[in-house]
Amino acid sequence: MSALNPEQPPTGPTIARTTAAQVPDKVSLDGLEARWDAAWSAQGTYAFDRTRTREQVFSIDTPPPTVSGSLHVGHVFSYTHTDVVARFWRMRGLEVFYPMGWDDNGLPTERRVQNYFGVRCDPSLPYVEGYTAPFEGAAGKSVRAADQQPISRRNFVELCMRLTAEDEQQFEALWRHLGLSVDWSHHYQTIGRDAQTVAQTAFVRNLARAEAYTAEAPGLWDVTFQTAVAQAELEARDYPGAFHKVAFHRPDGSPVYIETTRPELLPAVVALIAHPDDERYQHLFGTTVTSPLFGVEIPVLAHTMAEPEKGVGIAMCCTFGDLTDVQWWRELQLPTRSVLTRDGRLTRETPDWITSAAGTALFIQLAGKTTFSARTIVVDALREAGDLDGEPVATQRKANFYERGDKPLEIVTSRQWYIRNGGRDAELRDTLLARGGELKFHPDFMAVRYQNWVGGLNGDWLVSRQRFFGVPIPVWYPLDADGEPRYDVPIAPPESALPIDPSADVPAGYTPDQRGVPGGFMGDPDIMDTWATSSLTPQIAGGWLADPDLFARVFPMNLRPQGQDIIRTWLFSTVVRSHLEHGSLPWSDAAISGWILDPDHKKMSKSKGNVVTPMGLLEEHGSDALRYWAASARLGTDAAFEIGQMKIGRRLAIKVLNASKFVLAFGAPDERAALLDADLVTVPLDRAMLAGLADVVDRATSALEQYDHTRALELTETFFWAFCDDYLELVKDRAYAGGAVESDVSTGTASARAALGIALDSLLRLFAPVLPFATEEVWSWWREGSVHRAPWPTSGPLRAAARDADPSVVTAAGSALAALRKVKSRAKVSMRTEIAAVTLVVPTALGPGVEVALDDVRAAGRVTGTITIETAEAESVVARDTELVPAEPKPVELHI
RNA sequence: GGGCCUGUAGCUCAGUUGGUCAGAGCGCCGCGCUUACACCGCGGAGGUCGCCGGUUCGAGCCCGGCCGGGCCCACCA
């Protein structure tokens, strides 16, 4: 195949002794991040080569982090996963398209700006040139909401832009420090002009194809932010409430009891509803009752959604207390009697369906009250009227909240824009389910979340928001002779005019003075939901409109990395947009990262206040160390925040530096004359080591191809530690023998040196995606260019040098060495202590390996006398009858 | 109520199609300054693989049930 497996150039571990490597006397991780970030930047190491064709490109739809504060270690975690993937495929020879974006539009930024500058947006105000905010920074936080200075939308947006620009600089600095191999010339903002153009163009096309539509309907509404909220942004939370048993009255005065947690909605009641099969209420169906206090006559109806087990089995249907009410209202064609307004208070005017004197008098008390105080008033009145049976019974119920809000959502009728997503159309839903089925999730079980969500949609995608800092809905409405907007014939701008702001720009055929006057026009006042823009990140990043040539080279993209919590939002909405616009998936693969849990196993999030900011960690432990920690966790699995794991990563990175220093002390192999150097590897132990490494290369490569970076790292790391602890020790003497003059050394010495160089070359490449700084540092000691643009290692050249050797020879020799070490450790003597004589009891299977590497075992174990070998059935080598040579007394250093 | 994930040494986790699978690292204990590394090295102790059944010659690994942890959806009378 294939796009992802281009032919590798015939390079590999290559070696020819030349000059000495430029190895520092003292190696260190300190300062590598700043040095290499600058070098990569200057050399364009990660610059995307846009001359490549789609088949030669690996494109990544980067998650744009929300710019409303600071990044935390969870970001470091998941973004490292992506970077490992990017680096792997880059080394595999694909040109990696890896842009970075900032999600800076939307509510989080609005709130941050309000708190930072002590202002709030009032779209009715005019723009002020050269505006200066009353506060800045911490001072703005102390300003009460009521005292925030009202400013125009344009001034507000300017402040948003200013603050996000500052945040984004800090974000970029952090990502650079972490070593993300992003091409920083390709970055975008979701509030940026390009993003607005893309978002509005896509919307206008959705509109033209009737995929977007406007409708007035009851919907979930956040009374704090005073905006409509989409299904995907809901969060069910526990909320205290109370059941109130309330009496309605039949014409003869007899009571019919219902239970409700929302007694303040009694003035909005439109029916009582019970299950059609519920025998208790058969005699009531078709009759009417009157509501207590307000005396409104309402029907008793049957509907299968009523559950006999709940409460007393008969419910009061209000417009609107919950989504079931909406369904009853729609299906039973009930009247609309809304009493809740958009600010969460009861309407100020007494509704016309309340006609009784007592009802009117009571409603005047309720007018303008919040639901909470209205409830108290209604309950007191019910109690007084004798229509409250018993006292309210406290209960803990689930209520829907906007995920960023802190008051339960109400249901308010409003006009909104929707994009069809299968929520009301079985055929489209099945199509989108099938689209999701084409997507390769990593790990694969995450696909279930997509299927569950799409299968459970109960409405189309609500995209309009009554907010300020976002992409405007790009339409106007004609005003009729009465000045009323004609929502059925929205005026869309031509694509060439985009982006537009309908509150400032004027539609074709109108003049500015016709705004807001009968026969004129009005702009849609709303903005698009954040997801309506970020669902287009592949198009924004890939240059869909601005750079079609680029777009053709990167789209559909290869990879969407993201968190599991936004499969229902970001992932799904992106699939929807791509399906509607391009008839394809936006990417072939989705890599889903888990969460970071704090040491108490709680999800780490800003709202919980348990976040750890990354820069301090990066500076203390080093970027490679944090990357190691992140790369140690599998995709889709939550991971603990563990300092210990970072320390291990740091140790590994330092080990890479030191082991490399050792290997390169024997001369700097260069990339020429590969065959010649491979031929130098003649000693069985050396060949066995390379054979083992070849296996590691194959398995690690396969793991990375399957998005299993954890296994690749583990395989490489395990090999590397054995390489350091056993192989290096075994060949150390042989490698040192004969001095530095290359031509004079024995074949054994030449073999060790060649094998060490070959192994180091492959090991550095294997580690490069996870430890970009340490590996690049070493690479710079002996090679031209960047390790991150070097080809990914292949096993072929290693096997050629290994000549079919058996990797277990290294294991056998290592086991023999361990046995000798154990003797010394037990005797509490230095590892340098010489052994005059020893018998090694060797497992049958390891016998040949020990025999063939005996000289190296002898040297590494400091055995000066005879080694007797016996075979036995066992798992590892055991040393016995050992004669240790007593150490000579240490010379005492005299300090004068 | 439906669904997904998960429960292996004190801690964090590997254990790929059931047959040396009882592992690694950290931590802990002991030892050692060995011309790559004391930001190090060497050695050691530690677990009836959540529980109960079943399939099998054989099960952390497969099946059923139970218990515990996490998450998503539904449930707002």
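All values below were derived from every heavy atom in this structure, side-chain atoms included, with hydrogens, water molecules and symmetry-related copies excluded. Convention: sequence-line order gives letters A, B, ...; per-chain numbering from 1.
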> In terms of side-chain heavy atoms of A:R650, which of B:C39, B:C76, B:G32 is nearest?
B:C39
> With a 4.0 Å cut-off on N to O distance, would you call A:R262 and A:E410 a salt bridge?
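Judged by the 4.0 Å cut-off on N to carboxylate O distance, A:R262 and A:E410 do form a salt bridge.
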> Answer syn or anti for B:G47, where the cut-off is 90° from 0 on the glycosidic torsion.
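Anti, since the glycosidic angle lies more than 90° from 0.
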> May I have the distance from A:Q327 (atom CD) to B:C76 (atom P), rounded to whole angstrom?
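Going from CD in A:Q327 over to P in B:C76 covers 10 Å.
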> Check the angle between the aromatic planes of A:F662 and A:F666 and answer parallel, tilted or perpendicular using the 30° and 60° thresholds.
perpendicular
> Can you figure out which of B:C75, B:G32, B:A14 approaches the side chain of A:A236 most closely?
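Nearest to the side-chain atoms of A:A236, counting from C-beta on, is B:C75.
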> Report the residue from A:I258, A:I273, A:V256, A:V246 that forms a side-chain contact (heavy atoms from CB on, under 4.5 Å) with A:M316.
A:I258
> Got a list of protein N/O to nucleotides 20-28 of chain B N/O distances below 3.5 Å?
{"residue": "B:U20", "atom": "O2", "partner": "A:E875", "partner atom": "OE2", "Å": "3.0"}
{"residue": "B:C26", "atom": "OP1", "partner": "A:R651", "partner atom": "NH1", "Å": "3.0"}

> Can you tell me how far C1' of B:A74 sits from CG of A:N400, to the nearest Å?
11 Å
> Which residue in the set A:Q645, A:K647, A:M646, A:R651 passes side-chain contact (heavy atoms from CB on, under 4.5 Å) when paired with A:Y628?
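It is A:Q645, the one option of A:Q645, A:K647, A:M646, A:R651 that forms the side-chain contact (heavy atoms from CB on, under 4.5 Å) with A:Y628.
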> Will you find, in the side chains of A:Q706 and A:S702, an N or O donor that is under 3.5 Å from an N or O acceptor?
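Distance-only check passes for A:Q706 and A:S702.
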> Looking at the rings of A:W629 and A:F77, which for Trp means the six-membered one, are their centres under 6.0 Å apart?
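Under 6.0 Å, so yes.
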> Checking understanding here: a glycosidic angle within 90° of 0 is syn, the rest anti, so what is B:G46?
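Syn conformation here, the glycosidic angle of B:G46 being no more than 90° from 0.
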> Within this structure, what is the CG-to-C1' distance between A:L29 and B:C39, rounded to whole angstrom?
9 Å
> Can you identify which nucleotide, out of B:C39, B:G3, B:C76, has its nearest atom closest to the A:I654 side chain?
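When the side chain of A:I654 is considered, B:C39 is the closest of B:C39, B:G3, B:C76.
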> Between C1' on B:C71 and CH2 on A:W453, what's the gap in Å once rounded to a whole number?
14 Å
> Is there a side-chain contact between A:L617 and A:F641 in this structure, where contact means two heavy atoms from C-beta onward sitting under 4.5 Å apart?
yes
> Suppose we define a pair by two distances each less than 3.5 Å, Watson-Crick or G-U wobble; what does B:G1 pair with here?
B:C73
> In terms of relative ring orientation, are A:F441 and A:Y450 parallel, tilted or perpendicular, with 30° and 60° separating the classes?
tilted
> What is the separation between atom CG on A:L265 and atom P on B:C76, rounded to the nearest whole Å?
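Rounded to whole Å, this separation is 15 Å.
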> Give the rounded distance in Å between these two atoms: CZ of A:F666 and P of B:U35.
13 Å
> Quick one: on RNA chain B, does A:S830 or A:N452 contact a more 5' nucleotide (nearest heavy atom)?
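Final value for this comparison: A:N452.
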> When both hydrogen-bonding distances must be under 3.5 Å and the geometry is Watson-Crick or G-U wobble, what is B:G68 paired with, if anything?
B:U6
> If we ignore hydrogens and angles and just use 3.5 Å, is the side chain of A:H275 paired with the main-chain N or O of A:G313 as donor and acceptor?
no
> Can you find a side chain N or O atom of A:K655 that sits less than 4.0 Å from OP1 or OP2 on B:G41?
yes
> Which base, if any, makes a Watson-Crick or G-U wobble pair with B:G27, both distances under 3.5 Å?
none
> Please state whether the rings of A:W782 and A:W779 are parallel, tilted or perpendicular, taking 30° and 60° as the class boundaries.
perpendicular
> Return the polar atom pairs (N/O with N/O) between nucleotides 42-44 of chain B and the protein under 3.5 Å, or none.
{"residue": "B:C42", "atom": "OP1", "partner": "A:D725", "partner atom": "OD2", "Å": "3.4"}
{"residue": "B:C42", "atom": "O2", "partner": "A:S825", "partner atom": "OG", "Å": "3.4"}
{"residue": "B:G43", "atom": "O4'", "partner": "A:S825", "partner atom": "OG", "Å": "3.3"}
{"residue": "B:G44", "atom": "OP1", "partner": "A:K822", "partner atom": "NZ", "Å": "2.8"}

> Tell me whether the side-chain N/O atoms of A:K310 come closer than 4.0 Å to OP1 or OP2 in B:C76.
yes
> Give the rounded distance in Å between these two atoms: CE of A:M446 and P of B:C5.
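Value for this atom pair: 10 Å.
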> OP1 or OP2 of B:G41 sitting under 4.0 Å from any side-chain N/O of A:R832?
no
> Within a strict 4.5 Å, meaning less than it, do heavy atoms of the A:F572 and A:N421 side chains meet?
yes
> If the cut-off is 4.0 Å, is A:T324 near the phosphate of B:C76, judged by side-chain N/O to OP1 or OP2?
yes
> Can you tell me how far C1' of B:C76 sits from CG of A:L323, to the nearest Å?
9 Å
